[in-house]
Each structure stands twice: as C-alpha cells, then as structure tokens.
2 protein chains.
Amino acid sequence: MSSIWQEEIAAETRAGGRISDRFIVDKVRKAVLTQRLPPGTRLPEVALGDIFGVSRSVVRKALTRLAADYVVTQQPNQVARVRAPSIEETRETFAARRLVEGEVAALLAGRLDEEQLATIAALVEREAEAHACGDEPARIEHSLAIHHLLAEHSPNRVLGAMLTDLILRTSIVIALYKRAGLASCYLAEDHPSLLTHLHSGDAEAARRCIRDHLEALENLLDLSVRETRIDLMAILGQREGVTE
Amino acid sequence: MSSIWQEEIAAETRAGGRISDRFIVDKVRKAVLTQRLPPGTRLPEVALGDIFGVSRSVVRKALTRLAADYVVTQQPNQVARVRAPSIEETRETFAARRLVEGEVAALLAGRLDEEQLATIAALVEREAEAHACGDEPARIEHSLAIHHLLAEHSPNRVLGAMLTDLILRTSIVIALYKRAGLASCYLAEDHPSLLTHLHSGDAEAARRCIRDHLEALENLLDLSVRETRIDLMAILGQREGVTE
DNA sequence: ACCGACGTTTCTGTATACAAAGTCTCCAAC
DNA sequence: GTTGGAGACTTTGTATACAGAAACGTCGGT
C-alpha cells in the first residue's frame, strides 16, 4: 500500500511536527499540481486518514479547505474528487489572471527596491539556466516563484491573495492541458522584459507585458474541443492514485 | 438566553429542513453584514452548536468556510472571532472590487438580453422607491441584488465568483465604516446610468461608471485614522452577541 | 494598590462510534 | 444482451468523549 507521500510524512513525524490539516492541504495541492493525482481521482476520507496517520476529523478539514481553493469538489454524501476544470473555465481563469496580475504588475512597476529586484532577477536567471539544462521541474519551480513574488509584494494585499489563488489554478490547468508534444512552456523573452519594465517603472508596459505573457502561455495549451474526453473521464472516472 | 436567530431556526426545523453548515454560514454572514455581530465578537463552537441545535462538528465546518470567506478569523487553539478588516484592507478591497466589477460590467455591456435588463431596471426602480420611503434596509437589499446580478450574469464565471466575494467583503466594511451621521449610502444617479451603458453596449463607459460609483461609495466612508480605536477593540474585544 | 504564580474553567484539537446515504455486485427476468 | 433490483459494502454526516491549550480569577507577596 504505497503512498506517494510516504517519505514526507516520515520526515515530518521525525521532525516532531504533528501532521495537521495544513500539511495535508499542501501535499494534496502539490500532488494535483504535478499531476500525480489526476483529475477525477477519488479522495476518500478514511484512505487519506490512514495515509497521513490521522483521523477523519483532520482530513475533513483539509478537504473543506481544498474545496474552497477549487482543488477538489465535494458533493453531499459523495467522495471528494480532484477537480477537472473544463476548457471554458480554463480560459476564464486565464482571463481573470491576466486582469489581476496585470494590475499587480502595474502597481508594482517602479516600486520594488533593489533587493527585491535582485531576487527576481536571480530567479529569472536560474529559470533560463534550468531551461538550458533541460531540467523542466526546476524551471517550473523558478517560474512559479517569480509570479508568487509578484503576488507577495503586491501593494494591494487583497489583490495579492487573489493572484496567489489564480496562479495555483492556472498551474493546475496548464499541467492538465499542456499540449502533448510540448516539452516546456518556456517563453524566453517574457520574464526578462517584465523585469525591465518593473525596474524602469513603466506601469502600462509592465501590465501589457504580463497580459501578453499569459496570453502566449494560454495559447501554448491544447484547448481544442476534445471536451468530451474530459467529461467522460470525469463521469466514468474510476482511476485511483491514493490507495493501491 | 435569547439568540438573534431563534425565529429562523424554528422556521427551518418546522419546514423539515435540517440545519446544515450552509445554514449556519448564511446566518452568521448575514448577521455580520447587518452588524448584529460586530467585529471582534467571539464565536465559540459549543455556543453556536447550542443555538443551532447541532454538534460542534457542523459548527466547525461552518466556521472553516466562514474563515475561507474572510468573515471570521480562526487561530489555533483560540476562539473564532468576527473579523475586523483594517482601514488599509478596506481601501484595498475597494480597489480590487473596482478592478473586477469594472471588468465584469465591461464584459456585460451590450450582452444582456431584454429580460435581464428589465430585471435590473426593476431593481433600480425599487431601490429609488425604498430610498424615497426612507426604508434603508430595503434599499440596501435592492442595491446588493443589482450588483449580485452583475456577478451572476458575468460571462466569465471565475470573475463572477470573485466579484461575489468582493461584494460581500465590501458590504461588511461599508457597514463597519459608514460615516456616523450618514443615513444612507445612496448615489441617485449611478445605478440608472450604469443601466444605460449596459443597454447601449458601451463597455468602457460601463467600466468607468462602475469604477466611479465604487470610488464615490468609498469616499462616503469614514476612513480616517482612528485605527487605534479598532485595534483596541479587536484586542480587548470582550463583547458578546451570541450567548447572553 | 500592584504584580506574579497557581489552580480552575473554558474552549479547541483529535479520535471514535453509530446512523444514513451512496455505490457496487450479482443474479434473475425480459 | 440488457435491464432491474436486492443485498452487501463503502463512504460520508453527525454526535460525543477525552486530552491539551488558552483564558480567567484568586490568592499571596511586595
């Protein structure tokens, strides 16, 4: 009965840390992001409880929070499942993120101090390196870190929190709908030029840069209407990935 | 031990409906909105459970969801309390709502059918009437209904859901920071002219109309820096409103 | 009168038990 | 071969018990 979290759970308990609902939320979220838990996966409370070594109470709280974050769906008297955002929702999520992240970038332009800019510049650099090495997981991690930094430094904290959510949701659908043959969703010019605009303080250029970047990203996805496939999968969805 | 929900609970149970976490969420939300539960109010799980006639399990789920909606704060091993958004957060919430609702209005301009427009027109009409009669609660209800309709009809459902959240959050801070002497936050021209733009299909005019409307609303609030008062209240916050 | 230690009370965190709803399987009937 | 249904099984909904943390009040000392 191998679980994909064994090592991390062992590490956490060794470290004296108690497994809390937050721990479970983080792990499930990451597993969904990396597609180790594909959409439609059943997440029964007892199974999760056994895996993490806690009772259903804790698992229930974690699932409730994951549902609030749109990571899983919870219907009365039914097993929670990993959510499968539709193609339409994917487009809408990208549009929402363009609006919000564009605004955040505009607010941020010219307002970051040297240290913050340097941090971002370093990440941009490391992302390029990782791409050159063909280390896609590392590249994704650095790319995500850049966007999360924007959210974190947003002068408007409310927008920042909304952006954090949207980054997560777009990441999930990117993983879901990445064009089959595509090795990477890397756009070499975008992050460096964003950095330039943030530095120079041109708010509208920064906004446009972000919006174009996100639109290009969306266009890298395969959002053609094989929606039937997804729907069938969601309905018949029998796969498991938790117990086994 | 009078609770502010007695009648509604009785009605619900008479109707055969079982009290669920959703019921509790709705009631608490509304009570916060109408300031019957002022910021800082303690919300102990057992007390709520007694009032609603359910066990802590149900209350806990409700509180978790209210926390996800930013209505209450939950800190480990401490009683949940009604959240007291700061003045800064209030400003940020308004800015976020201007961005999102402006976009929704722009998307909606010229895309509503006659029936939907008629529904909104009727609400605008009734809001004006309620204001004329001095029936402020009714006016607020109709005003909120207008904005919620925008959110509901948003072509972009993701943005629509975000807008629903933001409407709730701004409503709470409006109640909180309404200038003392002010009887009403009514801006006679704004809703009718929004309707005009939605009808004519001028997206940018609709966007601007919403943004101006929300900015005017924000300016009606008393957001001067008596922030100390709020902070003290949150810290000493000893008031109760649930048990009694 | 003020301050700090200590015991009491209150409240949350977690596990668990039981009931109700949903799901699956198998078998008979068409 | 497909449909329909009875039963067993699985899974969630809710209540409750107990342990531990925080808040509160009291009492002694200064």
Side-chain angles (χ1 to χ4, degrees), chain A residues 1 9 12-13 16-25 28 37 40-68 72-83 233-244, chain B residues 1 9 12-13 16-26 28 37 40-68 72-83 232-244:
Chain A
M1 94 123 238
I9 295 168
E12 182 77 4
T13 47
R18 314 235 332 291
I19 303 278
S20 69
D21 59 305
R22 184 180 191 110
F23 182 85
I24 300 178
V25 169
V28 172
L37 290 181
T41 306
R42 293 159 49 91
L43 299 173
E45 297 175 358
V46 277
L48 285 177
D50 288 348
I51 290 173
F52 287 104
V54 296
S55 82
R56 283 177 54 214
S57 321
V58 185
V59 175
R60 278 177 78 75
K61 185 162 189 181
L63 287 176
T64 302
R65 293 176 59 175
L66 285 166
V72 307
T73 54
Q74 259 184 322
Q75 273 162 340
N77 292 314
Q78 277 175 255
V79 193
R81 286 168 180 275
V82 176
R83 234 169 77 89
M233 215 155 66
I235 293 164
L236 312 173
Q238 205 75 291
R239 343 138 136 251
E240 36 68 282
V242 175
T243 67
E244 199 267 308
Chain B
M1 94 122 232
I9 295 168
E12 182 77 5
T13 47
R18 314 239 327 292
I19 303 278
S20 69
D21 59 306
R22 185 180 189 108
F23 183 84
I24 300 178
V25 169
D26 287 346
V28 172
L37 290 181
T41 305
R42 292 159 50 91
L43 299 174
E45 297 174 358
V46 276
L48 285 177
D50 288 349
I51 289 174
F52 287 104
V54 296
S55 81
R56 282 177 54 212
S57 320
V58 185
V59 175
R60 278 177 78 75
K61 185 162 188 180
L63 287 176
T64 301
R65 292 176 58 176
L66 286 166
V72 307
T73 53
Q74 260 184 320
Q75 274 163 340
N77 291 316
Q78 277 175 255
V79 192
R81 286 168 179 275
V82 176
R83 235 169 77 88
L232 278 178
M233 216 155 66
I235 294 165
L236 312 173
Q238 206 75 292
R239 342 139 136 253
E240 35 69 283
V242 174
T243 66
E244 197 270 313

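In what follows, chains carry the letters A, B, and so on, assigned in the order in which the sequence lines appear, proteins first and then strands, with residues in each chain numbered from 1. Computed from a predicted model, the values in this text were never measured in an experiment.
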Going by the rule side chain to side chain contact (heavy atoms under 4.5 Å, CB included), which residues pair with B:V25 if we only count those two or more places apart in sequence or in a different chain? B:R29, B:A62, B:R65, B:L66
What's the CZ-P distance between A:F23 and C:dT14, to the nearest Å? 14 Å
Sequence neighbours excluded, the answer for side chain to side chain donor-acceptor pair (under 3.5 Å) partners of A:S57 is A:S55
Mind checking side chain to side chain contact (heavy atoms under 4.5 Å, CB included) for A:A67 and listing every partner two or more places apart, or none if nothing turns up? A:V72, A:Q74
Gap between atom CD of A:E45 and atom CZ of A:R60 - 0.5 Å precision: 4.5 Å
Scoring nucleotides 10-19 of chain D by protein non-hydrogen atoms under 4.0 Å (B base, S sugar-phosphate only, - none) yields -SBBBBBB--
Partner set under side chain to side chain contact (heavy atoms under 4.5 Å, CB included) for B:V54, not counting sequence neighbours: B:I19, B:I24, B:F52, B:V58, B:V59
